[in-house]
2 protein chains.
Amino acid sequence: MAAGDPIEEVLIAAGRLFGQLGVEATTMSKLAAEVGLGQSSLYYYFRNRDEVVAALVARANVVPLELIEGLVHGDGIVPLKLYRFVRGDVEALCGLPFDINEIHRIAGRQRDRFADYWQERALLDRRLTSLVRAGVRDGSLRDIDPRLASATILASDEGTQNWFRLRPQPARRVADAVARITIGGLVAPGIDIDEIASEA
Amino acid sequence: MAAGDPIEEVLIAAGRLFGQLGVEATTMSKLAAEVGLGQSSLYYYFRNRDEVVAALVARANVVPLELIEGLVHGDGIVPLKLYRFVRGDVEALCGLPFDINEIHRIAGRQRDRFADYWQERALLDRRLTSLVRAGVRDGSLRDIDPRLASATILASDEGTQNWFRLRPQPARRVADAVARITIGGLVAPGIDIDEIASEA
DNA sequence: GTCTATATCTGGATAGAC
DNA sequence: GTCTATCCAGATATAGAC
């Protein structure tokens, strides 16, 4: 996080360029120019271009993982926890300079190279799935397939980035809307999603 | 659609390669090899590489547009129409060989070049928004912002492609799950989403 | 640490023979 | 229509001076 750390500076610039130009179109020259270095100077900090991508990818799952870990150990009924997760996740995603889906796709095409990413991602999925399962068991959620529901939650969180960029809005407002709709579709008939939303 | 049409063959191969390698990594040489031509022979059919991309992009909005046009003029309450839209859209997306989100992003970075795409996209958004608005008016949907809801619906439809590819499942099953959750979060308290789902 | 210079490669695109 | 040959631009990466 140190402002003077060149590696950190490069990664911040890389995130910005990934968002503007796309990952593939972000070349070492452009990246170097962005931080005021010569093209070849980047190789002092990174072995190659892929290492820059890998360094950014490594951070992609940190926020949602910390978020859900904090929630499962906290208080509240399952729908409330899920609401908070979705809202926090969407809000964090909307704040990223680059598109998580693009990272996702690149990591998907090189599964072994990004093995760490996929492990964390699988862990996130497991945590979310078991949270949903708990909700189905205690009756606060409908009787849906927890794995399918978990995947759908993550999908809509990430999909939101796609249109958020096209039509910028206050991130919190978007996050609340997505959470309300997504979790509203999961709660058991007796439970009022609006009450959950105002409590969260 | 003619099997012997070289242009059609190239586009089908392009879709496949876009999915496997990504759009940027799909070169004219690879594409030519895929259809059994020399690299330069492609230039007989397409002026340049972007034209291949544009030809595929042009088709991206056709299915969901036809889908919603058919629904708005048909029978049924709004939630039922929305359920059918989401299910149909997700099912179609899961059947595509390439990732619509990648196309989306490429078109987003060159708005003027893909002006047609964005016009159709805007039309789709308007149709969906007004369908949601109708539902809010007649009380079959909750009192949510129609524009925000419409965007969220499209986002989760498209986001689904992201994980569907990672963990392949029967497309219809996935589509039903997404539709049930998404529309379930929109219907007014009195309406049972399970009833809608079984009717659809 | 950062630079200049350079080797090497790959892809897009055109010209012109067949 | 499809090919071969070729040009050109841009990108990765390394070597070695400062």
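For clarity, every value in this text was computed on a predicted model and none was experimentally measured. Here is the naming used below: chain letters follow the sequence lines, and residue numbers restart at 1 for every chain.
- At whole-Å resolution of the value, CG in Leu31(A) and P in dG10(D) are 18 Å apart.
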Pairs under 3.5 angstrom only: tabulate donor-acceptor contacts from the side chains of residues 33-41 of chain A to other protein residues two or more places apart or in another chain.
| unit_1 | atom_1 | unit_2 | atom_2 | d |
| --- | --- | --- | --- | --- |
| Glu34(A) | OE2 | Arg16(A) | NE | 3.4 |
| Glu34(A) | OE2 | Arg16(A) | NH2 | 3.3 |

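- Residue pairs meeting the salt bridge (Lys or Arg N to Asp or Glu O under 4.0 Å) criterion with at least one member in residues 133-142 of chain B, sequence neighbours excluded, are Asp194(A)-Arg142(B).
- Partners of Thr182(B) according to the side-chain contact (heavy atoms from CB on, under 4.5 Å) rule, which considers only residues two or more places apart in sequence or in another chain, are Ile181(A), Ile153(B), Ser156(B), Val178(B).
- Residues passing the side-chain contact (heavy atoms from CB on, under 4.5 Å) test with Ala200(A) are Leu80(A), Tyr83(A), Arg84(A), Arg87(A), sequence neighbours excluded.
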Atom pairs and distances, side-chain donor-acceptor, residues 69-77 of chain B, under 3.5 Å, sequence neighbours left out:
| unit_1 | atom_1 | unit_2 | atom_2 | d |
| --- | --- | --- | --- | --- |
| Glu69(B) | OE1 | Arg127(B) | NE | 3.4 |
| Glu69(B) | OE2 | Arg127(B) | NE | 3.0 |
| His73(B) | ND1 | Glu69(B) | O | 2.9 |

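- Note: OH (Tyr44(A)) to P (dT2(C)) measures 8 Å, nearest angstrom.
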Contact pattern, 5' to 3', of nucleotides 11-18 of chain D - B, S or - by protein heavy atom under 4.0 Å: SSBB----

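- Ser41(B) has a side-chain polar atom (N or O) that falls below the 4.0 Å cut-off from OP1 or OP2 of dC3(D).
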